[in-house]
Amino acid sequence: PSLTGRGAPRPGVRERHCPDGGGPAGSAPASARARGALSGTPTVRVLLDTTFARRAPASGTGVYLERLQAALAELAGLEVIPVANPRRRAPAGGGAGSLGNALADQWWTQLELPRRARAARADLIHHPLPAHCRRAHLPQVVTVHDLAFERLPAHFDRRYRTYARLVHRAAARRAAVVICVSEATAADVRALWGVAGEQVIVAHHGPGQLLPELPRRTATHFLYVGDDEPRKNLAVLLAAYRAYREASAQPLELVLAGSARREGPGVRPVSAPSPAQLAELYAAAAALVHHAAHESLGLTLLEAMGAGT
């Protein structure tokens, strides 16, 4: 089933937190273990690495993690144990900061995450991005969102490409299961990384983050939601918008919602919109404009469709 769909966790569902996992245990009336015992279904403990959502909650991977955690918590016989790396900082863009992040990632993946798994008596570890704990002697699941760096290498830093090609591919090959968010990604994982077909499962995205449901309004703008990484092709979108303004007597605004920072006539950036703000932007958008050079399955497109844009 889609694992990032709308719908809040049922009342009484408790997500157990690993020691030092950043959240209180016993915060809800009933645990997954209790539900499993009542239903006669054995409980499977899933240690879910939520580090990425902690440092980039509004990103596509952050939204995926938030919705995945909620969806897994609804399943009978399954106990979600979210843990996050407290040492991980935001991307540093190269230099000493990036080296520090790489070292923090290695400490977390190879030392601390296996310790957390043992302390929680986890049955498996789920990595929302390709990673592998060599010291964890239990099944590991990874999610692969896309292989854009393989398909469009010119859009990515050479050092990142080299690292990801070695580390991410090796993690996917060692995983018990590789979850892909689309058939396109699954085909890439098999063809470019040589992952066996029986290891790969396709679990499509649901409609993204939870947004207030609003009626459609009179269109006041075109809407882009996302960042300004090279593969998003923002320069092409802005060139198209300039041509549209020149040809239109009453042009609509172009709203850039997210982390993209561009200025120009008719262009209005909206930095880090809240869910309520984003719902308002979707409701009054003439269209979502998304000119990325490569996507496996864009969450913003699903969000826009869900909002009726």
* Asked: Which residues pass the ring pair (Phe, Tyr, Trp, His ring centres under 6.0 Å) test with F52, sequence neighbours left out?
  ->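 If we apply the ring pair (Phe, Tyr, Trp, His ring centres under 6.0 Å) test to F52, skipping adjacent residues, there are no hits.
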
Scan for salt bridge (charged side-chain N to carboxylate O under 4.0 Å, His left out) pairs involving [range], sequence neighbours excluded, and state none if there are none.
{"range": "residues 259-273", "answer": "D228-R262, E253-R268"}
{"range": "residues 272-286", "answer": "R217-E280"}
{"range": "residues 160-184", "answer": "E150-R165"}
{"range": "residues 230-243", "answer": "D146-R231, E229-R231, R231-E295, K232-E295"}

For [X], all residues meeting side chain to side chain donor-acceptor pair (under 3.5 Å), sequence neighbours excluded:
{"X": "Y282", "answer": "E303"}
{"X": "T300", "answer": "none"}
{"X": "D227", "answer": "none"}

- Query: Does R151 have any salt bridge (charged side-chain N to carboxylate O under 4.0 Å, His left out) partners at least two apart in sequence or in another chain, and if so, which?
  - Reply: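 Residues passing salt bridge (charged side-chain N to carboxylate O under 4.0 Å, His left out) with R151: D188.
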
Exercise. Apply salt bridge (charged side-chain N to carboxylate O under 4.0 Å, His left out) to D157 and list each qualifying residue two or more places apart in sequence or on a separate chain.
Key: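 Applying salt bridge (charged side-chain N to carboxylate O under 4.0 Å, His left out) to D157 gives R159.
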
Who clusters with L214? Use side-chain heavy atoms, under 4.5 angstrom, across I, L, V, M, F, W and Y, and order the result by chain and number.
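Answer for L214: none, a lone residue.
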
Angle class for the H205/H145 ring planes (parallel below 30°, perpendicular above 60°, tilted otherwise)?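 H205 and H145: parallel rings.
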
- [ ] Among residues two or more places apart or on two chains, list those pairs meeting ring-ring contact (aromatic ring centres under 6.0 Å, His included) that have a residue in residues 165-186.
- [x]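 Found none.
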
